[in-house]
Amino acid sequence: MIELADIRAAETRLAGQVLETPCVESRTLSQIIGAQVFLKFENLQVTASFKERGACNKLAQLSEPERRRGVIAMSAGNHAQGVAYHAQRLGLRAVIVMPRFTPGVKVERTRSFGAEVVLHGDTLEEARSYALKLAAEQDLTFVHPYDDEAIAAGQGTVGLEMLQAVPSLDTLVIAVGGGGLIAGIAVAAKALKPSIEVIGVQTLRFPNMFNAVKHQHLPQGGSTIAEGIAVGTPGRVTQAIIEKYVDDIVLVDEGDIEQAIVLLLEIEKTLVEGAGAAGLAALVKDPQRFHGKKVGLVLGGGNI
């Protein structure tokens, strides 16, 4: 299980390779919610998503033979772009398997970073299976989007930066798909400030981690505006960390997320994708729970 030292090491590797994004209070959102709301603008990264932190941390630790052979990833979007961008920067071959339903803009963006894009499968699971097959056939290193300690440690640098910028934060509300972001942030935040509350957010349509941690059996599937966290199976590495460090997981519906996207566009003049707006959606849905608190949200991505 990763520790603060792993995230500190990732912070050193990432220095100068990813942006240290702003973490600032939104006065208007604070008034609306009745809490002090601080926004971490990860949608300002080069690939418009926090995902490149984990990708960069993973790629930076490859051995020389692994670097020569190249990497492969499975992703419907932000992880693909993160791996492609940092592979290009490091001079590595990158193959990205994307499901056929992936929005064209994300496919083209991934190609623009020099990756070989393979469209395969009608689900993320089919794409993953094919990526693992290609990895074995071509001796490529598989870079998992979330179920990997190096990935989670890289994402955890978001938490270090948030508490460095605003040490008085008492609550973090973080979107959960496979769990890489919240796992890394929770480890960092609880080590630096044990009293801090870490709350995960999932959509009602994809409550995979909610089900796993709370031993529930809510149905999942269908279309969602938050496709970035529409993950079928939680990560084993990340679930163990979440069970240890995350205080609660809440569910939001499509309307809450849509409202959050519009609020961020109207008030902050910033474009945030559905998954990136899930944290604010939780505040919009249940403002009483967060009343009077200092809440940190991660605007995880802007690829909508």
**Student:** Side chain of E197, backbone of T171: donor and acceptor closer than 3.5 Å?
**Tutor:**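 No, because the side chain of E197 does not come within donor-acceptor range (under 3.5 Å) of the backbone of T171.
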
**Student:** Between the side chain of Q88 and the main-chain N/O of A115, is any donor-acceptor distance below 3.5 Å?
**Tutor:** no

**Student:** For the side chain of Q36 and the backbone of S30, is there at least one donor-acceptor N/O pair under 3.5 Å apart?
**Tutor:** no

**Student:** Is there a side-chain contact between I151 and H79, using heavy atoms and a 4.5 Å cut-off?
**Tutor:** yes

**Student:** Which residue, R93, R69, K133, forms the side-chain hydrogen bond (donor to acceptor under 3.5 Å, both in side chains) with Q138?
**Tutor:**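 The single option meeting the side-chain hydrogen bond (donor to acceptor under 3.5 Å, both in side chains) with Q138 is R93.
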
**Student:** Got a salt bridge between D248 and K214, using NZ or NE/NH1/NH2 to carboxylate O under 4.0 Å?
**Tutor:**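 The answer is yes: the pair qualifies as a salt bridge.
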
**Student:** Can you check side-chain contact (heavy atoms from CB on, under 4.5 Å) on I229 and Q202, steps first, answer last?
**Tutor:** CA-CA 7 Å; I229 52 172; Q202 291 206 295; 5.6 Å; no

**Student:** To check you understand the geometry: which heavy-atom pair defines the closest contact between R67 and L90, and what is its length?
**Tutor:** NH2-O, 3.8 Å

**Student:** When rounded to the nearest 0.5 angstrom, what is the spacing between CG in N211 and CD1 in I249?
**Tutor:** 9.5 Å

**Student:** Can you check whether L169's main-chain N or O pairs, donor with acceptor, with K193's side chain at less than 3.5 Å?
**Tutor:** yes

**Student:** Taking only residues two or more places apart in sequence, or in another chain, which ones meet Q259 in a side-chain contact (heavy atoms from CB on, under 4.5 Å)?
**Tutor:**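 Testing Q259 for side-chain contact (heavy atoms from CB on, under 4.5 Å), a comparison that skips the adjacent residues, returns L263, V284.
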
**Student:** Looking at residues at least two apart in the chain, or sitting in another chain, which of them share a ring pair (Phe, Tyr, Trp, His ring centres under 6.0 Å) with Y85?
**Tutor:**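 Partners of Y85 by the ring pair (Phe, Tyr, Trp, His ring centres under 6.0 Å) criterion, ordered by chain and then number, come out as F113.
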
**Student:** Can you name the nearest heavy-atom pair linking V213 to Q239, along with the distance?
**Tutor:** CG2-CG, 4.5 Å

**Student:** Before you tell me yes or no, could you show the steps for R89 and L59 under side-chain contact (heavy atoms from CB on, under 4.5 Å), namely the whole-Å CA-CA distance, both residues' side-chain angles and the distance that decides it to 0.1 Å?
**Tutor:** CA-CA 10 Å; R89 203 177 49 73; L59 298 185; over 6 Å; no

**Student:** Is R128 salt-bridged to D147, cutoff N-O under 4.0 Å?
**Tutor:**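 Looking at D147 together with R128, the answer is no, because their closest N to O distance does not fall below 4.0 Å.
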
**Student:** Heavy atoms only: give me the nearest G235-M209 pair and the separation to one decimal.
**Tutor:** N-CE, 4.3 Å

**Student:** For the OG1 atom of T47 and the CZ atom of R109, what is their distance to the nearest 0.5 Å?
**Tutor:** 7.0 Å

**Student:** Check whether any side-chain heavy atom of L264 sits under 4.5 Å from a side-chain heavy atom of L39, and report yes or no.
**Tutor:**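 With C-beta onward as the side chain, the pair touches.
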
**Student:** Taking the side chain as every heavy atom from C-beta outward, state whether F50 and Q155 have any atom pair closer than 4.5 Å.
**Tutor:**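 Answer yes - side chains close enough.
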
**Student:** Tell me, please, which residues at least two apart from F290 pass ring pair (Phe, Tyr, Trp, His ring centres under 6.0 Å).
**Tutor:** none

**Student:** S223 versus R205: any side-chain heavy-atom pair under 4.5 Å?
**Tutor:**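 A side-chain contact exists here, since the closest heavy-atom pair is under 4.5 Å.
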
**Student:** Just wondering, more than 12 heavy atoms not from E3 lying within 6.0 Å of its CD?
**Tutor:**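 No - once you tally the heavy atoms of other residues, nucleotides and ligands closer than 6.0 Å, there are 12 at most.
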
**Student:** Would you mind listing the cluster partners of V18? Hydrophobic ones only (ILVMFWY), side-chain contacts under 4.5 Å, chaining allowed.
**Tutor:** L14

**Student:** Could you tell me which non-hydrogen atom of A226 sits nearest to which non-hydrogen atom of I257, and how far apart they are?
**Tutor:**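 Nearest heavy atoms, A226 then I257: CB-CD1, 3.9 Å.
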
**Student:** State yes or no: do V37 and V298 share one hydrophobic cluster built from I, L, V, M, F, W and Y residues joined by side-chain heavy-atom distances below 4.5 Å, directly or via other members?
**Tutor:** no

**Student:** Considering residues, nucleotides and ligands other than R100, do more than 12 of their heavy atoms fall under 6.0 Å from its CZ?
**Tutor:**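 Counting other residues, nucleotides and ligands, CZ of R100 exceeds 12 neighbours.
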
**Student:** Would you say the side-chain atoms of H86 pair up with the backbone N or O of K58, donor to acceptor, closer than 3.5 Å?
**Tutor:**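 No, because the side chain of H86 does not come within donor-acceptor range (under 3.5 Å) of the backbone of K58.
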
**Student:** I'd like to check L251 versus L218 (side-chain heavy atoms, cut-off strictly below 4.5 Å). Are they in contact?
**Tutor:**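 With C-beta onward as the side chain, the pair touches.
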
**Student:** Mind checking what makes ring pair (Phe, Tyr, Trp, His ring centres under 6.0 Å) contact with F101, not counting sequence neighbours?
**Tutor:**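 Testing F101 for ring pair (Phe, Tyr, Trp, His ring centres under 6.0 Å), a comparison that skips the adjacent residues, returns none.
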
**Student:** By the side chain to side chain donor-acceptor pair (under 3.5 Å) test, which pairs, at least two apart or in different chains, include something from residues 156-170?
**Tutor:** K40-E161, R53-T157, R53-E161, S168-K294

**Student:** Please list, one pair per line, the donor and acceptor atoms closer than 3.5 Å that link side chains of residues 265-280 to other protein atoms, with sequence neighbours excluded.
**Tutor:**
| from | atom 1 | to | atom 2 | distance (Å) |
| --- | --- | --- | --- | --- |
| E268 | OE2 | S26 | OG | 2.6 |
| K269 | NZ | E266 | O | 2.2 |
| T270 | OG1 | N43 | ND2 | 2.7 |
| E273 | OE1 | N78 | ND2 | 3.0 |
| E273 | OE1 | G302 | N | 3.3 |
| E273 | OE1 | N303 | N | 2.9 |
| E273 | OE2 | N78 | ND2 | 3.1 |

**Student:** Following the transitive rule for hydrophobic clusters with a side-chain heavy-atom cut-off under 4.5 Å over Ile, Leu, Val, Met, Phe, Trp and Tyr, establish whether F41 and I174 coincide in one cluster.
**Tutor:** no

**Student:** Is there a path of hydrophobic side-chain contacts, each under 4.5 Å between heavy atoms of I/L/V/M/F/W/Y residues, joining I2 to V158?
**Tutor:**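 Yes, because V158 and I2 connect within a single hydrophobic cluster, where side-chain heavy atoms sit under 4.5 Å apart.
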
**Student:** Using 0.5 Å steps for rounding, measure from the CG atom of L172 to the NZ atom of K293.
**Tutor:** 11.5 Å

**Student:** Please report the closest heavy-atom contact between A150 and N57, naming both atoms and the distance.
**Tutor:**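 Reported closest heavy-atom pair: O-ND2, 2.7 Å.
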
**Student:** With heavy-atom distances below 4.5 Å as the criterion, would you say the side chains of L160 and L192 are in contact?
**Tutor:** yes

**Student:** Rounded to the nearest 0.5 Å, how far does CG of L134 lie from CD1 of I96?
**Tutor:**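 Interatomic distance, I96 CD1 to L134 CG, rounded to 0.5 Å: 11.5 Å.
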
**Student:** Using the side-chain contact (heavy atoms from CB on, under 4.5 Å) rule, take D6 and E149 through it: C-alpha gap first, then chi angles, then the decisive distance, then the call.
**Tutor:** CA-CA 9 Å; D6 299 303; E149 290 192 347; 5.8 Å; no

**Student:** Apply side-chain contact (heavy atoms from CB on, under 4.5 Å) to T233 and list each qualifying residue two or more places apart in sequence or on a separate chain.
**Tutor:**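 Applying side-chain contact (heavy atoms from CB on, under 4.5 Å) to T233 gives E125.
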
**Student:** Sequence neighbours left out, what passes side-chain contact (heavy atoms from CB on, under 4.5 Å) with A9? Give chain and number order.
**Tutor:** R13

**Student:** Hey, is E227 close enough to K106 for a salt bridge, meaning N to O under 4.0 Å?
**Tutor:** yes

**Student:** Examine distances only and state if a side-chain atom of E52 and a backbone atom of Q45 form a donor-acceptor pair shorter than 3.5 Å.
**Tutor:** no

**Student:** Surrounding CD of Q288 (heavy atoms of other residues, nucleotides or ligands, distance under 6.0 Å), is the total greater than 12?
**Tutor:**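 Count not over threshold, so no.
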
**Student:** Under 4.5 Å side-chain heavy-atom separation, chaining through any Ile, Leu, Val, Met, Phe, Trp or Tyr, what else clusters with V231? Say none if it is isolated.
**Tutor:**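 Under the 4.5 Å side-chain rule, V231 groups with Y146.
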
**Student:** Between I33 and V295, is the side-chain contact (heavy atoms from CB on, under 4.5 Å) condition met? List the steps.
**Tutor:** CA-CA 10 Å; I33 303 297; V295 185; over 6 Å; no

**Student:** To the nearest 0.5 Å, tell me how far R68 CZ sits from L92 CG.
**Tutor:**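 So the CZ of R68 and the CG of L92 are separated by 12.0 Å.
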
**Student:** With a 4.5 Å cut-off on side-chain heavy-atom distances among I, L, V, M, F, W and Y, is there a chain of contacts connecting V143 to L140?
**Tutor:** no

**Student:** Distance check, rounded to the nearest 0.5 Å: Q81 atom CD versus T110 atom OG1?
**Tutor:**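 Q81 CD to T110 OG1: 4.5 Å, rounded to 0.5 Å.
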
**Student:** Over all heavy atoms of both residues, which pair between P145 and K51 is shortest? Give the atoms and the distance, please.
**Tutor:** O-NZ, 3.5 Å

**Student:** Are the side chain of Q220 and the backbone of G232 linked by a donor-acceptor contact shorter than 3.5 Å?
**Tutor:** yes

**Student:** Are I7 and Y245 connected in the hydrophobic side-chain network, where two residues link if heavy atoms are under 4.5 Å apart?
**Tutor:**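 Yes; Y245 is reachable from I7 via cluster members.
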
**Student:** Show me the donor-acceptor pairs within less than 3.5 Å that the side chains of residues 180-191 make with the rest of the protein, sequence neighbours left out.
**Tutor:**
| from | atom 1 | to | atom 2 | distance (Å) |
| --- | --- | --- | --- | --- |
| K190 | NZ | I196 | O | 2.7 |
| K190 | NZ | D247 | OD1 | 3.4 |
| K190 | NZ | D247 | OD2 | 2.9 |

**Student:** Please name all residues satisfying side-chain contact (heavy atoms from CB on, under 4.5 Å) with R111, sequence neighbours left out, ordered by chain then number.
**Tutor:**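 If we apply the side-chain contact (heavy atoms from CB on, under 4.5 Å) test to R111, skipping adjacent residues, the hits are V107, E108, V117.
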
